[in-house]
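What follows is one structure encoded as structure tokens, with my remarks underneath.
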Amino acid sequence: MSILKVENLSKKIGKKEILRDVNFEVNAGDILAFIGPNGAGKTTTIKCILGLQKLTSGKITINGYDIKKDFVKAILKVGSIVEAPEAYMYLSGYDNLLLDKNYYKNIKEEEIMRVVKLVGLENRIYDKVSKYSLGMRQRLGIARSLLNNPNLLILDEPTNGLDPEGIKDLRELMIKLAHDGIGIVISSHNLSELENFCNKVCIISQGRVLSLKSIDDLKKIDQAKYLVRVDDVKKIKKYLTKEDKIVNDTLIEVIKDEQEIASFIKELAVTDALIYEVKREDLTLEEAFINIAGGKKID
Amino acid sequence: MTNLIKSEMKKIFHKKSFYIVTIIFVLYAILTNVIYKSIDDFSINDPEVTIEELEKENSRLDLNVKENLDKYVTNLSNIEIKKMEDTYKNGEYLINKYVFPLVYQANLLEYMEKDLEESNIVRTKIDEYLNKIKDNDWKYFASMRMSELKNISNEDKDEKTDIYIKLTEYRIKNNIPYDEDNYLNNALIDVENNLSEYYNLKNKKTSKEEQERLDYLKEEMLVNKYILEHQKDIKNNESLKGVLSNFASEFGLFILIYVIMLSGSIVSEEYNKGTIKNLLTKPFKRRTILTSKLLTVLILMPIIILIMVLIEIIVGGLILGFDSLNIPILIYNSSTSLLEVYNVFKYLILSLISNIPIYLVLGIICFMLSTITASTSAAITITFLFYLMSNVISNLALVYNLKIFKYFVALHWDFSYLLESTPNPYHFTPSFSLIIIGIYLIVILALTYIFFDKKDVKNI
């Protein structure tokens with residue numbers, strides 16, 4: 001079931017095009033990793049989804065409601081953290097949640113302790129937020145975003161400030177929530193953290209979606225890493241391109257899809273080089289991303 | 001909506017700044033009341049010539065010149081009177097009214113006429129008077145005044161003498177000594193002193209200045225009459241009543257500070273702290289959220305004023321006593337030449353209501369700036385500057401009768417002239433002023449709503 005649908009989303013600020021034709025979809029149970037370098041448009045996309053910024057063109061529907069026309073209904077079942085987990089510093093964590101609770105009908109006060117327990121903040125919930133660490137505020141932010149029993153969760157860089165233990169807790173929580181049928185969008189530049197539990201990846205750069213794949217597809221299809229062992233690399237040097245990597249005198253590493261590797265081998269076969277071994281390895285998410293993003297490293 | 005407003009209230013009442021300003025206000029109220037209590041100590045007396053100065057002057061005078069002799073006698077009499085005043089502390093009025101002419105006469109006889117015998121006769125009279133003053137026998141002077149007046153009235157009956165007689169009768173009947181700490185005595189003396197000037201002005205064609213003076217005298221007459229008839233110490237402003245009747249001018253700045261502090265931060269702070277993102281992703285339209293904030297300011301405004309009044313009543317009551325609260329406030333209406341009598345609280349409420357448009361307009365301006373600039377300090381600073389500028393512009397418009405500021409809101413927002421029963425200084429009708437204020441409010445709010453609805457929450 002489609003929970004979030006982003007269609008041809010474009011956003012201009014003045015003459016500057018921030019987003020162009022962004023499309024993706026999140027279904028129940030999906031965990032979408034929303035990935036891109038700084039300034040790629042991740043936060044802007046998220047803000048457009050949440051109605052914090054206006055769309056220049058395109059359409060966003062949440063649970064079947066257009067956010068332009070039916071904002072109140074569309075946003076009702078959405079939980080979110082944008083940029084940083086802000087809270088009223090002069091109130092306790094509990095009071096912050098109480099404020100949030102009051103914005104929704106039909107949420108009982110017991111719900112507050114339920115979400116507090118989910119994020120493991122029971123011991124400090126009555127302390128003022130000004131005394132919290134960034135990690136604790138991140139946990140509080142996640143608790144806030146879960147308070148209204150959302151079926152779409154949008155978390156912008158939620159791993160910021162979390163220690164490894166916290167990241168592990170978050171991962172487990174996300175997997176559990178996805179299992180319960182919630183659609184989740186997580187933006188991050190820390191790919192290795194998301195790789196283990198997201199099932200979709202949307203890669204965005206300079207305001208455009210470069211790739212939208214399931215994680216398995218991204219790793220498997222089209223391109224893979226091939227290690228080619230020959231007797232002497234010099235003999236095949238003229239067939240190598242800039243992107244290909246010479247590991248040592250006898251080993252090269254190339255990233256190609258199946259068609260390309262087949263013709264590559266054909267080319268090598270007519271030289272006097274001896275091909276001992278061609279070994280295929282799946283790309284890590286990081287490698288796949290760098291490749292798609294045109295070799296740009298993420299910062 | 002109710003929940004939204006409740007949440008806004010909760011945020012505000014958890015802020016330290018709100019309580020800090022309140023504590024400062026309490027301290028300010030204490031100081032203000034202390035000042036009211038000691039108005040007397042602060043009042044500046046006219047610098048009087050001292051006995052030494054007079055004596056010095058006299059020793060330099062050449063007594064062979066006739067004009068100098070005159071001066072000498074006057075100075076000598078003044079010296080004597082001053083010495084008497086120092087001896088009989090609460091006899092000042094009687095000494096000046098009854099003893100001074102005699103002293104002058106005695107000195108005149110002694111030094112000008114060289115008639116020591118006559119002078120001594122007068123001196124005996126002076127001693128007699130002084131003894132009466134010493135014994136605090138004010139009734140002696142009252143009955144003396146009474147027989148004096150009766151004689152005049154027998155010869156030539158007129159309205160003025162009748163009033164003098166009534167005043168003296170009142171004094172005797174109500175046992176009012178010539179004591180300047182007694183407000184009834186002060187009222188009697190005020191009437192006596194002003195009466196002849198009042199009749200003079202009343203019975204002739206008056207110039208503009210004289211007309212103003214006459215209006216003032218009329219008001220004084222009516223107020224003193226009220227004091228005597230009701231035996232209420234109306235003119236005493238060293239009291240809680242005095243502070244409350246000036247509440248808007250004494251504490252108006254604090255009302256303004258509260259209003260601007262609230263309306264200047266209620267939107268912008270959410271932007272500054274980033275919490276606006278939490279707020280705008282809740283299931284409400286943006287305009288609902290803005291309305292809840294606006295209503296919060298509008299609801300809190302009267303509540304804060306009420307709290308301030310309560311604080312002032314408690315603080316002022318403890319310092320100045322509560323008993324003045326049953327003394328009414330009198331407002332003279334010059335167009336009807338009548339006194340309007342207000343209960344202290346009624347007057348206070350009306351005077352606050354007449355000032356509400358000032359706080360309302362400034363609050364809404366600050367609210368708009370807070371929304372548009374998303375900066376608390378900018379909103380507060382600009383609003384304060386606007387307030388200061390509008391005071392200057394109002395004064396300029398008044399002094400130079402400038403027509404271009406006819407539609408400037410600050411010329412319209414003060415309605416206290418209605419309560420004081422004075423004409424509008426700019427000759428606007430109240431309904432015209434209300435329309436202007438209404439237009440300002442609508443335009444400002446429309447801009448605020450349009451802007452807030454369109455505004456993108458910027459990335460940090």
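In what follows, every chain begins at residue 1, and chains take the letters A, B, ... in the order their sequences are listed.
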Do A:Y103 and B:I289 pass the side-chain contact (heavy atoms from CB on, under 4.5 Å) test, and can you show the C-alpha distance, the side-chain angles, and the key distance before you say yes or no? CA-CA 11 Å; A:Y103 292 124; B:I289 286 168; over 6 Å; no
Audit row: B:E250, B:E312, side-chain contact (heavy atoms from CB on, under 4.5 Å) steps and yes/no: CA-CA 11 Å; B:E250 294 291 351; B:E312 164 50 32; over 6 Å; no
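No salt bridge links A:E122 with A:K117; every basic N to acidic carboxylate O contact stays at or beyond 4.0 Å.
Contact tally against chain B (heavy-atom pairs below 4.5 Å) for A:L52, A:I13, A:I75: the top residue is A:L52. Among the candidates A:L99, A:N148, A:L76, the residue making the largest number of heavy-atom pairs closer than 4.5 Å to chain B is A:L99. Options A:D100, A:L98, A:T43 differ in how many heavy-atom pairs under 4.5 Å they form with chain B, and the most are formed by A:D100. Heavy-atom pairs under 4.5 Å with chain A were tallied for B:L4, B:L279, B:T275, B:T288; the largest tally goes to B:T275.
For B:K11, the parts lying under 4.5 angstrom from a heavy atom of chain A are both the backbone and the side chain. For A:A74, no part sits under 4.5 Å from any heavy atom of chain B, backbone or side chain. Residue contact with chain A, scored on non-hydrogen atoms closer than 4.5 Å, involves the backbone of B:K273 exclusively. Heavy atoms closer than 4.5 Å to chain B are found in both the backbone and the side chain of A:T44.
Using cut-offs of 30° and 60° on the angle between ring planes, the pair A:F24 and A:F34 is tilted.
A ring-centre distance under 6.0 Å is not found for B:Y258 and B:Y359.
Each of A:K47, A:K11, A:K12, A:K54 was scored for a salt bridge (charged side-chain N to carboxylate O under 4.0 Å, His left out) with B:D456, with one residue passing: A:K11.
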